Student: 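Structure incoming, see below.
Heavy-atom basis, side chains included; hydrogens, waters and symmetry copies ignored. Since the model is a prediction, treat every value here as computed from it, not as a measurement.
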Amino acid sequence: MDSLAHSLVFLTAITSALVGGVLFAFSTFVMPALHRLPTAQGVAAMQSINVTVFTPWVMVPFVGTAPLLVVAAALVWTTSEPGPRPVETSFAALVYAFGCLGITRARNVPRNEHLEKLPAESNEAAEYWAEYVPGWNRWNHARTAACLLASALLIRALTA
């Protein structure tokens with residue numbers, strides 16, 4: 001059980017960092033690059049990204065990290081042997097669940113769904129794009145920070 005708990009904490013530290021890295025890339029160069037394109041091209045590119053993101057390579061670490069963190073935290077709390085620290089592991093689970101998945105569902109997905117409905121060449125898309133990019137990116141920065149904080153907490157749980 002201890003090696004399973006340790007392995008899950010280690011795995012989720014990696015997947016949290018991986019997801020944070022993907023989100024970091026979006027914040028630092030993908031969205032700025034899309035914003036530099038002519039509006040219709042930026043909108044069309046983001047609409048395409050919002051369709052192609054739904055692959056196992058993205059969704060398994062993105063969504064799968066949260067339940068693995070819950071299992072890891074439960075195992076860490078129930079073991080009697082020294083191992084990963086339970087407080088850091090549990091806090092990492094909360095940070096990831098609310099800071100990554102919660103923000104995604106509450107802030108980024110609604111923006112994506114609204115953008116998806118707009119014809120890329122329309123005036124409505126152009127008007128929305130001007131507010132979409134800064135708003136989407138602001139919440140993406142928060143998701144990035146949450147993922148990286150969760151990863152740091154898990155590393156701390158393993159090394160303290």
Student: Any chance you could lay out the side-chain contact (heavy atoms from CB on, under 4.5 Å) test for V51 and Q47, step after step, and finish with the verdict?
Tutor: CA-CA 7 Å; V51 170; Q47 288 170 330; over 6 Å; no
Student: Which atom names give the shortest non-hydrogen contact between A72 and L8, and what distance separates them?
Tutor: CB-CB, 3.7 Å
Student: Does W57 belong to the same Ile/Leu/Val/Met/Phe/Trp/Tyr cluster as V60, with side-chain heavy atoms less than 4.5 Å apart forming each link?
Tutor: no
Student: When you measure from the side chain of T78 to the backbone N and O of L75, does any donor-acceptor pair fall under 3.5 Å?
Tutor: yes
Student: For L158 and F10, which heavy atoms make the closest approach, and how far apart are they?
Tutor: CD1-CA, 3.8 Å
Student: Tell me which pairs pass ring pair (Phe, Tyr, Trp, His ring centres under 6.0 Å) where either residue lies in residues 83-125, with sequence neighbours left out.
Tutor: H114-Y128
Student: First locate atom CG of N108, then atom SG of C100, and finally report the distance between them rounded to the nearest 0.5 Å.
Tutor: 9.5 Å
Student: Please determine whether residues V63 and L69 belong to a single hydrophobic cluster, defined as Ile, Leu, Val, Met, Phe, Trp and Tyr linked transitively by side-chain heavy-atom distances below 4.5 Å.
Tutor: yes
Student: Working to the nearest 0.5 angstrom, can you tell me the gap between Q41 CD and W129 CH2?
Tutor: 11.0 Å
Student: Do R111 side-chain atoms and R107 backbone N/O form a donor-acceptor pair below 3.5 Å?
Tutor: yes
Student: Any chance you could lay out the side-chain contact (heavy atoms from CB on, under 4.5 Å) test for Y132 and H35, step after step, and finish with the verdict?
Tutor: CA-CA 10 Å; Y132 173 90; H35 197 57; over 6 Å; no
Student: How many angstroms lie between atom CG of L149 and atom CG of L154, to the nearest 0.5 angstrom?
Tutor: 9.5 Å
Student: Where is the tightest heavy-atom contact between V109 and R105, given as atom of each residue plus distance?
Tutor: CG1-NH1, 2.6 Å
Student: So does F24 have more than 12 non-hydrogen atoms from other groups sitting under 6.0 Å from CZ?
Tutor: no
Student: For L34 and M46, which heavy atoms make the closest approach, and how far apart are they?
Tutor: CD1-SD, 3.8 Å
Student: S90 and A73: which non-hydrogen atoms are nearest, and at how many Å?
Tutor: OG-CB, 3.8 Å
Student: Between R143 and N140, do the side chains contain a donor N or O and an acceptor N or O under 3.5 Å apart?
Tutor: yes
Student: How far apart are the closest heavy atoms of P84 and V76, and which atoms are they?
Tutor: O-CG1, 2.9 Å
Student: Determine, step by step, whether V53 and F62 satisfy the side-chain contact (heavy atoms from CB on, under 4.5 Å) criterion, reporting the C-alpha distance in whole Å, the side-chain angles of both residues, the deciding distance to 0.1 Å, and the verdict.
Tutor: CA-CA 11 Å; V53 73; F62 187 80; over 6 Å; no
Student: Donor-acceptor check, side chain of T65 to backbone of P61, threshold 3.5 angstrom: yes or no?
Tutor: yes
Student: So how far is it from L18 CG to L23 CG, rounded to the nearest 0.5 Å?
Tutor: 9.5 Å
Student: Out of curiosity, L153 CG to S16 OG, how far, rounded to the nearest 0.5 Å?
Tutor: 9.5 Å
Student: State, with a plain yes or no, whether a side-chain heavy atom of W136 is found less than 4.5 Å away from one of L115.
Tutor: no
Student: When rounded to the nearest 0.5 angstrom, what is the spacing between CH2 in W139 and CD1 in I103?
Tutor: 5.5 Å
Student: Does L148 share a hydrophobic cluster with I155, counting links as ILVMFWY side-chain heavy atoms below 4.5 Å and allowing steps through other members?
Tutor: no
Student: Using the rule that two of Ile, Leu, Val, Met, Phe, Trp, Tyr join whenever any of their side-chain heavy atoms come within less than 4.5 Å, decide whether I14 and L68 are in one cluster.
Tutor: no
Student: Hey, is the main chain of A44 close enough, under 3.5 Å, to the side chain of S48 for a donor-acceptor pair?
Tutor: no
Student: Sub-3.5 Å donor-acceptor pair from the side chain of T12 to the main-chain atoms of V9, do we have one?
Tutor: yes
Student: Linking I/L/V/M/F/W/Y whenever their side-chain heavy atoms sit closer than 4.5 Å, directly or via other members, would F54 and V58 fall into one cluster?
Tutor: yes
Student: Would you sort out whether V71 and L4 count as a side-chain contact (heavy atoms from CB on, under 4.5 Å), showing the intermediate values?
Tutor: CA-CA 10 Å; V71 171; L4 178 59; 5.9 Å; no
